[in-house]
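On a predicted model such as this, the values are computed, not experimentally measured, just so you know.
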Amino acid sequence: NKEFYCTLKNNQAECLMKMGAFDRALELCRKTLEIDPNNFQSLVKIAQCHYFMGDSKEAVEYLLKALKMHNDYQNNEYESLFETVGDIFTEISENQEDVDKRESLYNSVLAYSKSFMFLNVTGKAENRNFEDIQVQNAIRMLKIGRSYTILGDYTSALVNFQLANYMHSEIPTLQLFLTICYFRLGFTQEAFIHFERIPTSELEQFKSFMPELSEIEKKYRENNNLPI
(Lines give C-alpha, C1' and ligand atoms only; values in the text may rest on other atoms or scores of the structure.)
Protein backbone atom coordinates (compact mmCIF):
# COMPACT_ATOMS: atom_id res chain seq x y z
CA ASN A 1 0.00 0.00 0.00
CA LYS A 2 0.95 3.69 -0.23
CA GLU A 3 2.10 4.06 3.38
CA PHE A 4 4.33 0.98 3.20
CA TYR A 5 5.84 2.10 -0.13
CA CYS A 6 6.65 5.58 1.20
CA THR A 7 8.16 4.20 4.40
CA LEU A 8 10.30 1.79 2.41
CA LYS A 9 11.58 4.49 0.04
CA ASN A 10 12.31 6.88 2.89
CA ASN A 11 14.28 4.20 4.73
CA GLN A 12 16.23 3.41 1.57
CA ALA A 13 16.92 7.12 1.08
CA GLU A 14 18.17 7.38 4.68
CA CYS A 15 20.67 4.58 4.04
CA LEU A 16 21.88 6.23 0.84
CA MET A 17 22.30 9.57 2.63
CA LYS A 18 24.47 7.92 5.28
CA MET A 19 26.63 6.62 2.42
CA GLY A 20 26.85 10.10 0.90
CA ALA A 21 24.83 9.11 -2.18
CA PHE A 22 22.62 12.20 -2.00
CA ASP A 23 21.68 12.23 -5.69
CA ARG A 24 20.28 8.70 -5.47
CA ALA A 25 18.52 9.48 -2.19
CA LEU A 26 16.99 12.54 -3.82
CA GLU A 27 15.61 10.43 -6.64
CA LEU A 28 13.94 8.03 -4.21
CA CYS A 29 12.36 10.83 -2.17
CA ARG A 30 10.97 12.43 -5.31
CA LYS A 31 9.35 9.13 -6.23
CA THR A 32 7.77 9.10 -2.79
CA LEU A 33 6.34 12.59 -3.33
CA GLU A 34 4.78 11.40 -6.58
CA ILE A 35 2.76 8.94 -4.50
CA ASP A 36 2.27 11.20 -1.47
CA PRO A 37 2.94 14.92 -2.19
CA ASN A 38 2.62 15.75 1.52
CA ASN A 39 5.03 13.15 2.84
CA PHE A 40 6.79 15.05 5.60
CA GLN A 41 9.83 12.80 5.86
CA SER A 42 10.50 12.98 2.13
CA LEU A 43 10.28 16.78 2.13
CA VAL A 44 12.84 17.00 4.93
CA LYS A 45 15.15 14.46 3.32
CA ILE A 46 15.01 16.29 -0.02
CA ALA A 47 15.95 19.50 1.81
CA GLN A 48 18.85 17.68 3.49
CA CYS A 49 20.08 16.30 0.16
CA HIS A 50 19.99 19.70 -1.52
CA TYR A 51 21.80 21.26 1.43
CA PHE A 52 24.57 18.67 1.49
CA MET A 53 24.91 18.96 -2.29
CA GLY A 54 25.49 22.72 -1.88
CA ASP A 55 22.12 24.02 -3.08
CA SER A 56 20.83 26.06 -0.13
CA LYS A 57 18.14 27.79 -2.20
CA GLU A 58 16.44 24.50 -3.08
CA ALA A 59 16.93 23.28 0.49
CA VAL A 60 15.08 26.31 1.87
CA GLU A 61 12.20 25.76 -0.56
CA TYR A 62 11.58 22.24 0.77
CA LEU A 63 12.26 23.20 4.38
CA LEU A 64 9.53 25.82 4.17
CA LYS A 65 7.11 23.31 2.67
CA ALA A 66 7.81 20.94 5.55
CA LEU A 67 7.58 23.69 8.17
CA LYS A 68 4.21 24.92 6.90
CA MET A 69 2.61 21.49 6.86
CA HIS A 70 -0.23 20.73 9.23
CA ASN A 71 0.96 17.72 11.17
CA ASP A 72 -1.14 15.39 13.25
CA TYR A 73 -0.07 16.22 16.79
CA GLN A 74 -1.06 12.76 17.96
CA ASN A 75 1.47 11.31 15.54
CA ASN A 76 4.58 12.38 17.40
CA GLU A 77 7.28 10.77 15.26
CA TYR A 78 8.40 14.14 13.92
CA GLU A 79 10.47 15.43 16.85
CA SER A 80 13.86 14.60 15.32
CA LEU A 81 12.82 15.71 11.82
CA PHE A 82 11.75 19.13 13.05
CA GLU A 83 15.02 19.41 14.95
CA THR A 84 16.81 18.61 11.68
CA VAL A 85 14.83 21.34 9.93
CA GLY A 86 15.92 23.79 12.64
CA ASP A 87 19.55 22.71 12.39
CA ILE A 88 19.64 23.20 8.60
CA PHE A 89 18.00 26.63 8.82
CA THR A 90 20.59 27.62 11.45
CA GLU A 91 23.50 26.39 9.33
CA ILE A 92 22.16 28.10 6.19
CA SER A 93 21.83 31.39 8.12
CA GLU A 94 25.60 31.42 8.69
CA ASN A 95 26.13 32.28 5.02
CA GLN A 96 23.25 34.72 4.72
CA GLU A 97 22.89 38.41 5.46
CA ASP A 98 20.24 40.80 6.75
CA VAL A 99 16.63 39.84 5.89
CA ASP A 100 17.39 36.31 4.67
CA LYS A 101 19.49 35.58 7.75
CA ARG A 102 16.79 36.78 10.14
CA GLU A 103 14.11 34.82 8.30
CA SER A 104 16.15 31.61 8.48
CA LEU A 105 16.82 32.10 12.19
CA TYR A 106 13.15 32.72 12.97
CA ASN A 107 12.29 29.61 10.97
CA SER A 108 14.82 27.67 13.04
CA VAL A 109 13.08 28.87 16.22
CA LEU A 110 9.74 27.67 14.85
CA ALA A 111 11.17 24.29 13.87
CA TYR A 112 12.86 23.74 17.24
CA SER A 113 9.63 24.76 19.00
CA LYS A 114 7.67 22.18 17.00
CA SER A 115 10.30 19.58 17.81
CA PHE A 116 9.91 20.43 21.51
CA MET A 117 6.15 20.09 21.24
CA PHE A 118 6.25 16.70 19.50
CA LEU A 119 8.79 15.42 22.00
CA ASN A 120 6.35 16.10 24.82
CA VAL A 121 3.15 14.84 23.22
CA THR A 122 1.23 12.70 25.70
CA GLY A 123 1.73 9.04 24.94
CA LYS A 124 5.30 9.12 23.74
CA ALA A 125 6.55 11.07 26.74
CA GLU A 126 4.90 8.59 29.10
CA ASN A 127 6.97 5.75 27.68
CA ARG A 128 10.34 7.46 28.01
CA ASN A 129 12.75 8.06 30.83
CA PHE A 130 11.97 11.41 32.49
CA GLU A 131 15.62 12.44 32.72
CA ASP A 132 16.18 11.66 29.03
CA ILE A 133 13.20 13.81 28.08
CA GLN A 134 14.51 16.67 30.23
CA VAL A 135 17.92 16.50 28.53
CA GLN A 136 16.32 16.55 25.08
CA ASN A 137 14.05 19.44 26.11
CA ALA A 138 17.07 21.36 27.40
CA ILE A 139 18.93 20.86 24.11
CA ARG A 140 16.00 22.26 22.15
CA MET A 141 15.67 25.25 24.47
CA LEU A 142 19.41 25.87 24.10
CA LYS A 143 19.11 25.82 20.30
CA ILE A 144 16.17 28.23 20.38
CA GLY A 145 18.12 30.52 22.69
CA ARG A 146 21.17 30.47 20.42
CA SER A 147 19.05 31.54 17.45
CA TYR A 148 17.63 34.44 19.48
CA THR A 149 21.16 35.36 20.57
CA ILE A 150 22.30 35.65 16.95
CA LEU A 151 19.19 37.75 16.26
CA GLY A 152 20.21 40.06 19.11
CA ASP A 153 17.05 39.33 21.12
CA TYR A 154 18.80 38.63 24.41
CA THR A 155 15.64 38.72 26.50
CA SER A 156 13.98 35.91 24.51
CA ALA A 157 17.30 34.07 24.44
CA LEU A 158 17.66 34.32 28.22
CA VAL A 159 14.15 32.95 28.83
CA ASN A 160 14.99 29.83 26.81
CA PHE A 161 18.43 29.45 28.39
CA GLN A 162 16.87 29.69 31.84
CA LEU A 163 14.38 26.96 30.94
CA ALA A 164 17.22 24.79 29.65
CA ASN A 165 19.19 25.43 32.84
CA TYR A 166 16.21 24.37 34.95
CA MET A 167 15.82 21.15 32.93
CA HIS A 168 19.48 20.14 32.71
CA SER A 169 22.21 22.58 33.71
CA GLU A 170 25.14 20.55 32.37
CA ILE A 171 24.37 20.90 28.65
CA PRO A 172 27.59 22.05 26.86
CA THR A 173 27.80 25.84 26.19
CA LEU A 174 24.66 26.55 28.26
CA GLN A 175 26.49 28.36 31.09
CA LEU A 176 28.49 30.28 28.49
CA PHE A 177 25.36 31.61 26.78
CA LEU A 178 23.67 32.37 30.09
CA THR A 179 26.73 34.43 31.03
CA ILE A 180 26.64 36.41 27.78
CA CYS A 181 22.89 37.11 27.96
CA TYR A 182 22.96 38.28 31.57
CA PHE A 183 25.96 40.47 30.78
CA ARG A 184 24.36 41.95 27.65
CA LEU A 185 21.22 42.77 29.60
CA GLY A 186 23.18 44.49 32.36
CA PHE A 187 22.89 41.81 35.08
CA THR A 188 26.59 41.67 35.86
CA GLN A 189 26.45 39.69 39.11
CA GLU A 190 24.21 37.03 37.55
CA ALA A 191 26.66 36.87 34.64
CA PHE A 192 29.51 36.26 37.08
CA ILE A 193 27.60 33.40 38.75
CA HIS A 194 27.28 31.54 35.46
CA PHE A 195 30.76 32.56 34.33
CA GLU A 196 32.15 30.57 37.26
CA ARG A 197 30.37 27.47 35.94
CA ILE A 198 31.87 27.56 32.44
CA PRO A 199 34.40 24.74 31.99
CA THR A 200 37.92 26.14 31.44
CA SER A 201 38.39 24.28 28.16
CA GLU A 202 35.07 25.62 26.84
CA LEU A 203 35.95 29.17 27.88
CA GLU A 204 39.30 29.07 26.08
CA GLN A 205 37.71 27.56 22.99
CA PHE A 206 35.04 30.24 22.61
CA LYS A 207 36.99 33.34 23.68
CA SER A 208 38.72 33.50 20.30
CA PHE A 209 35.48 34.29 18.45
CA MET A 210 33.33 35.68 21.29
CA PRO A 211 35.26 38.76 22.42
CA GLU A 212 32.69 39.64 25.09
CA LEU A 213 33.87 36.59 27.04
CA SER A 214 37.29 38.18 27.45
CA GLU A 215 35.61 41.39 28.62
CA ILE A 216 33.48 39.46 31.13
CA GLU A 217 36.54 37.56 32.36
CA LYS A 218 38.42 40.82 32.89
CA LYS A 219 35.56 42.37 34.87
CA TYR A 220 35.13 39.15 36.86
CA ARG A 221 38.81 39.18 37.84
CA GLU A 222 38.66 42.87 38.77
CA ASN A 223 35.54 42.25 40.87
CA ASN A 224 37.22 39.41 42.75
CA ASN A 225 40.67 41.08 43.06
CA LEU A 226 42.27 38.43 40.89
CA PRO A 227 45.29 39.06 38.64
CA ILE A 228 44.37 40.08 35.09
>> Could you check, using the six-membered ring where one of them is a Trp, whether F118 and F82 have ring centers closer than 6.0 angstrom?
In response: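 Here the rings of F82 and F118 have centres that are less than 6.0 Å from each other.
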Would you compute the distance between atom [atom1] of [X] and atom [atom2] of [Y] and round it to the nearest 0.5 angstrom?
X    : Y    : atom1 : atom2 : value
I150 : S93  : CD1   : OG    : 5.5 Å
R140 : L119 : CZ    : CG    : 5.0 Å
H194 : L174 : NE2   : CG    : 8.5 Å
I46  : F22  : CD1   : CZ    : 14.0 Å
L142 : L176 : CG    : CG    : 10.0 Å

Do [X] and [Y] have side-chain atoms, one donor and one acceptor, less than 3.5 Å apart?
X    : Y    : answer
D36  : S42  : no
Y220 : E215 : no
E91  : Y51  : yes
S104 : Q96  : yes
N165 : Q175 : yes

Can you tell whether the side chains of [X] and [Y] come within less than 4.0 Å, N to carboxylate O?
X    : Y    : value
R30  : E34  : no
E204 : K207 : yes
E94  : K101 : no

> Do the side chains of F40 and Y62 join up, straight or via other hydrophobic residues, at under 4.5 Å, putting them in one cluster?
Replying inline: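 F40 and Y62: one cluster.
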> Would you say F161 and I216 are hydrophobically clustered, going by side-chain heavy atoms of ILVMFWY under 4.5 Å?
Replying inline: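 Yes; I216 is reachable from F161 via cluster members.
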> Passes salt bridge (Lys or Arg N to Asp or Glu O under 4.0 Å), K114 versus E83? Steps please.
Replying inline: CA-CA 8 Å; K114 285 193 171 188; E83 185 177 20; over 6 Å; no
> Mind checking what makes ring-ring contact (aromatic ring centres under 6.0 Å, His included) contact with Y166, not counting sequence neighbours?
Replying inline: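 Listed in chain order: nothing, the list is empty.
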> Where the side chain of Y154 meets the backbone of L185, is there a donor-acceptor pair that is under 3.5 Å apart?
Replying inline: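 No: the side chain of Y154 does not pair with the backbone of L185.
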>> I'd like to check E14 versus N10 (side-chain heavy atoms, cut-off strictly below 4.5 Å). Are they in contact?
In response: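 They are not in contact (no side-chain heavy atoms under 4.5 Å apart), so the answer is no.
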> What residues join I35 in its hydrophobic cluster, counting side-chain heavy atom gaps under 4.5 Å, either direct or through other members?
Replying inline: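 Under the 4.5 Å side-chain rule, I35 groups with Y5.
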> When you look at D87 and K143, which way does the side-chain contact (heavy atoms from CB on, under 4.5 Å) test go after all the steps?
Replying inline: CA-CA 9 Å; D87 289 343; K143 289 183 175 183; 3.1 Å; yes
